[in-house]
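Just below is one structure, and these are the notes that go with it.
All of these numbers come straight from a predicted model, not from anything done at the bench.
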Amino acid sequence: MAGRVPSLLVLLVFPSSCLAFRSPLSVFKRFKETTRPFSNECLGTTRPVVPIDSSDFALDIRMPGVTPKQSDTYFCMSMRIPVDEEAFVIDFKPRASMDTVHHMLLFGCNMPSSTGSYWFCDEGTCTDKANILYAWARNAPPTRLPKGVGFRVGGETGSKYFVLQVHYGDISAFRDNNKDCSGVSLHLTRLPQPLIAGMYLMMSVDTVIPAGEKVVNSDISCHYKNYPMHVFAYRVHTHHLGKVVSGYRVRNGQWTLIGRQSPQLPQAFYPVGHPVDVSFGDLLAARCVFTGEGRTEATHIGGTSSDEMCNLYIMYYMEAKHAVSFMTCTQNVAPDMFRTIPPEANIPIPVKSDMVMMHEHHKETEYKDKIPLLQQPKREEEEVLDQGDFYSLLSKLLGEREDVVHVHKYNPTEKAESESDLVAEIANVVQKKDLGRSDAREGAEHERGNAILVRDRIHKFHRLVSTLRPPESRVFSLQQPPPGEGTWEPEHTGGAYFHMEEALDWPGVYLLPGQVSGVALDPKNNLVIFHRGDHVWDGNSFDSKFVYQQIGLGPIEEDTILVIDPNNAAVLQSSGKNLFYLPHGLSIDKDGNYWVTDVALHQVFKLDPNNKEGPVLILGRSMQPGSDQNHFCQPTDVAVDPGTGAIYVSDGYCNSRIVQFSPSGKFITQWGEESSGSSPLPGQFTVPHSLALVPLLGQLCVADRENGRIQCFKTDTKEFVREIKHSSFGRNVFAISYIPGLLFAVNGKPHFGDQEPVQGFVMNFSNGEIIDIFKPVRKHFDMPHDIVASEDGTVYIGDAHTNTVWKFTLTEKLEHRSVKKAGIEVQEIKDSEHKLETSSGRVLGRFRGKGSGGLNLGNFFASRKGYSRKGFDRLSTEGSDQEKEDDGSESEEEYSAPLPALAPSSS
């Protein structure tokens, strides 16, 4: 269940490397000479360094058996990082109980404030800059690092020490002089991480809160002038007068929420609800809302309990080669901008008394009872949720502690799905007949009474949850919707905060080459199209042994590869005449070489666009289908690793495998097998149709077309990593593309009787969740065959039936209103284009993966322009793709096998 506290983090164990790393065993031998003695009550802490493998080790950072003597005690201890070379923290595991510890913070620095075994944190944490790496607090989720992300420590630039700070709030557990060894276990690796975590601190230094003032705003803003960073968590901090802290990215006048939280709740790092990227030129803005009521003197920024603070910590990751570990913002460079800040930033978040956070270093003062919270009128549903007995009942029903149930309400960064999951689970439990089962020997009548009460309140709980929307999904307009014309709502489930929209001014949609089988982007970001000219794949193309039957037509006599200007769709260059019979896959490596497949020739070609003398490399035997190391059978796609040069071929319509070759074309290995049954296993394929490399994570993803799923594998071990499959895919996934953080896909036309439409998808790569669905406005998808995404958020999709290429751009929604047009209610959306700005030198940019995403503008009309196939059902053609010609005739395309029952067509 989302929000479980405390939670164990999944260790990210990377495979061992052949590099000559020093074994952690030697690290342990060197380090154990300086380890401190621990109390006998602190079991498991005598081996601070535990080897995991040749490159990874675990580090146990624990309090050395301390006994706090008074409430709100803060103890600190330090540990020197046990390696001299650079290492990376890739996982945290809390070792603490809510019964004894209120919260913990882990810092990285070069010199701790003390060299003793532990000390009172009032003496300080570090003598130099202290970077927060981890936070754990009762009633709050633990910090989680995304896959492939690590904190850099050691070496020349990283921290030399870890400093652990533990806050003991209630010391009743220590009345018998018990000792505490709370702390955190770290998983470190010497393997370089592709993404480096860091901290961006927004902090006010000059706020003054007048005595008695009901509401005082403290605003911070700075221009972001660095390489792109990707925000994944945030933490807020004030003292007793703070009511709410909100942080935003502002781009082109649009406010996108990073996080909003009450500083009176546990001050851990909370995950952002949706990915937020920050690019050069964006503005970062934060507002802290205070009250001066109850104070007799003005309150200033400072470190004592009678002072105040306004801090927003933003945890992010960046590409390793551009990574900056710590950045700050202490100014307000755009004060006028805050006149348009979203209204939610001014609304305090209600806090239950048992959830209130006791602030580090700031013990209760005489102001505690004098400062009332800013109260907002409560709806009936909120009053119901505030009743402790309701939470107690839910906690019993769900088998969870009461604080876990509370977290679903009081962590505003949880996604709407988390709320829905909770409600669904509650409803499921309530519907079970055993709530009042007669065989219960004790408390049966009490359980029945509870069930009745819970049913009544769950109806109200449903009503409240139905009004919730994850705040992070909102993108606010500077111009509010006119009264009566509706309010902004997410267009898709999951609350996508951006959309893919067709570029309606792009003329390339009218190019109309032959059947478009492949699209890619060259190093100059030009679009490259692979098409079939006057050749068509139909039921006459192959015999039962997959041998091409139309060789008499000769190769395609026109240029099959077109280089297109991405702005005006002008043809810049063309090539590939008299080479191919049935073009299929296209990809472009970091050096600009074209890699194409031909399903009639059963071959893979490497082409230098500047070399007119023919292919640089050919794999497979011409017109000879097969399944050994030297033959393919209708190969579909190629991916080339930009780092190693390894060549991966998806093979194909009549084989079910992925084949790897060396950069020179030497066979290395293969994996995969034909699917068996209706529930294919990992590594089984039915037409592996498209490939997308994720080099920084060492993964290769495959569009397993006829199984309607995406499978990802490790490129080094070929181990299965995960499957991505959604009901909205329908039965087919034709093509995929990856850019950092996002995976794009297109599906196929539904089978007869199926409901899932043909469309494009944008997914969060880290968890596979769909965050947007889209279709074109001009024309419509019939068989979108390939897709490619660029790092600036532009996506191209080629359709093999409509002979069309669409261009889509990534936009952020400003306003969404329901309006009446010609008596039909439609959704009107106003947008401003937003492009993902990334480094043009990025390695991923050198290898152009395939992908798509989109905005449903005009889908109401597009959905009514469909047509009937009138002919062959793909169920009976083992994965054939059908084409609707402009003249109304139809042909079949892309069979994995011919149709023995059908007589050859005379057309």
Side-chain angles (χ1 to χ4, degrees), residues 132 135 140-141 143-146 149 197-204 217-224 226 228-238 242 244-263 265 267-289 310-318 324 326-330 332-334 337-338 340-347 349 411-416 469-477 490 495-498 741 764 766 771 812-813 834 836-837:
I132 297 180
T143 305
R144 299 176 184 273
L145 294 183
V149 176
M199 194 71 59
Y200 192 105
L201 171 60
M202 304 189 73
M203 177 175 62
S204 174
N217 296 327
S218 176
D219 297 333
I220 315 162
S221 64
C222 284
H223 291 284
Y224 183 75
N226 214 313
M229 70 175 182
H230 305 272
V231 179
F232 64 91
Y234 70 96
R235 175 179 182 258
V236 304
H237 176 70
T238 72
V244 62
V245 180
S246 307
Y248 298 87
R249 182 203 68 192
V250 184
R251 176 183 292 168
N252 298 327
Q254 296 178 222
W255 294 73
T256 300
L257 185 64
I258 293 173
R260 172 176 173 265
Q261 184 61 285
S262 167
L265 291 175
Q267 293 184 7
F269 279 94
Y270 290 85
V272 298
H274 293 270
V276 180
D277 68 283
V278 182
S279 300
F280 189 95
D282 288 341
L283 275 163
L284 287 169
R287 166 168 285 182
C288 299
V289 177
C310 172
N311 293 358
L312 173 66
Y313 299 86
I314 299 173
M315 193 176 285
Y316 61 85
Y317 63 82
M318 304 174 72
V324 179
F326 188 73
M327 293 180 276
T328 60
C329 171
T330 60
N332 185 7
V333 300
M337 176 181 65
F338 285 89
T340 60
I341 192 171
E344 66 175 3
N346 302 312
I347 302 175
I349 297 175
N411 181 4
T413 63
E414 289 292 332
K415 295 181 181 179
R469 181 169 78 246
E472 291 76 2
S473 71
R474 304 173 191 166
V475 179
F476 295 90
S477 172
Y497 73 107
F498 66 85
N764 182 332
S766 64
I771 56 179
E812 286 188 345
K813 185 187 296 181
H834 135 212
L836 292 175
E837 300 179 18

Could I get the full list of side chain to side chain donor-acceptor pair (under 3.5 Å) partners for [X], not counting sequence neighbours?
{"X": "Thr328", "result": "none"}
{"X": "Ser221", "result": "Asn332"}
{"X": "Tyr313", "result": "Asn311"}
{"X": "Ser246", "result": "none"}

Pairwise side-chain contact, [X] with [Y], heavy-atom cut-off 4.5 Å (strictly under):
{"X": "Met199", "Y": "Ile314", "answer": "no"}
{"X": "Val272", "Y": "Ile258", "answer": "yes"}
{"X": "Asn764", "Y": "Pro275", "answer": "yes"}
{"X": "Leu312", "Y": "Ile220", "answer": "no"}
{"X": "Val250", "Y": "Asp282", "answer": "no"}
{"X": "Arg249", "Y": "Asp277", "answer": "yes"}
{"X": "Ser204", "Y": "Ser218", "answer": "yes"}
{"X": "Arg260", "Y": "Val245", "answer": "no"}

>> side chain to side chain contact (heavy atoms under 4.5 Å, CB included) for Ile132 and Leu201? Distances and angles first, verdict last.
In response: CA-CA 10 Å; Ile132 297 180; Leu201 171 60; over 6 Å; no
>> Test side chain to side chain contact (heavy atoms under 4.5 Å, CB included) on Val333 and His223; report intermediate values, then the result.
In response: CA-CA 8 Å; Val333 300; His223 291 284; 3.8 Å; yes
> Met315 and Phe232: side chain to side chain contact (heavy atoms under 4.5 Å, CB included), yes or no, with the steps?
Replying inline: CA-CA 6 Å; Met315 193 176 285; Phe232 64 91; 3.3 Å; yes
Which atoms form the tightest heavy-atom contact between [X] and [Y], and what is the distance?
{"X": "Val236", "Y": "Pro263", "answer": "CG2-CA, 3.8 Å"}
{"X": "Leu284", "Y": "Met202", "answer": "O-CE, 3.4 Å"}
{"X": "Ser279", "Y": "Tyr224", "answer": "O-CD2, 3.4 Å"}

> Which distance, rounded to the nearest 0.5 Å, do you find between the CG of Leu283 and the CZ of Arg251?
Replying inline: 11.0 Å
>> Ring-plane angle category for Tyr248 and Trp255, please: parallel below 30°, perpendicular beyond 60°, tilted otherwise.
In response: perpendicular
> Under the side chain to side chain contact (heavy atoms under 4.5 Å, CB included) criterion, do Met327 and Met229 qualify, and how do the steps go?
Replying inline: CA-CA 11 Å; Met327 293 180 276; Met229 70 175 182; 4.0 Å; yes
> Got a sec, which residues hit ring pair (Phe, Tyr, Trp, His ring centres under 6.0 Å) with Tyr317, two or more places apart in sequence or on another chain?
Replying inline: His230
> With sequence neighbours excluded, what pairs up with Cys222 under the side chain to side chain contact (heavy atoms under 4.5 Å, CB included) test?
Replying inline: Tyr200, Cys329, Gln331
